[in-house]
Amino acid sequence: VTTTASSFAENFSTSSSSFAYDREFLRTLPGLLIVAEIGLCFNGSAFVLYLSAAVVDASSVSPERDSHNFNSWAASSFFAFLVTICYAGNTYFSFIAWRSRTIQ
């Protein structure tokens with residue numbers, strides 16, 4: 001078996017300074033914007049997912065006598081909406097922080 005190496009592989013070095021991790025990047029404006037956008041996307045998507053789960057959970061609660069413990073379902077719906085409100089607030093504050101950084 002014969003193997004050959006391409007000219008790109010011969011010139012490639014993992015110790016190249018262009019591939020080194022820039023520790024100061026997160027302290028710069030573009031680095032902060034990327035972190036803020038990631039946080040905004042995470043909180044926004046968590047809000048949407050928790051909202052859909054809370055709506056499904058609340059719609060499954062029925063006060064029938066034969067159903068599973070009504071108080072447990074009601075409490076679970078309450079806390080699902082509470083978590084949804086927390087994620088909505090966090091999304092709002094992430095948006096405000098992201099917007100204030102882009103205006104500067």
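When all heavy atoms of Ala80 and Ala54 are compared, the pair lying nearest together is CB-CB, 3.7 Å.
Put simply, CG on Asn90 and CG on Leu40 are 10.0 Å apart, with the number rounded to the nearest 0.5 Å. Atom CZ of residue Phe81 and atom CG of residue Asp57 lie 8.0 Å apart, to the nearest 0.5 angstrom. Taking SG of Cys86 as the start and CG of Leu82 as the end, the distance is 5.0 Å to the nearest 0.5 Å.
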Contacts table for residues 44-51: side-chain donor-acceptor under 3.5 angstrom, sequence neighbours left out:
{"residue": "Ser45", "atom": "OG", "partner": "Cys41", "partner atom": "O", "Å": "3.0"}
{"residue": "Ser45", "atom": "OG", "partner": "Phe42", "partner atom": "O", "Å": "3.0"}

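Just one of Thr84, Ile85, Val83 meets the side-chain contact (heavy atoms from CB on, under 4.5 Å) condition when paired with Tyr87; it is Val83.
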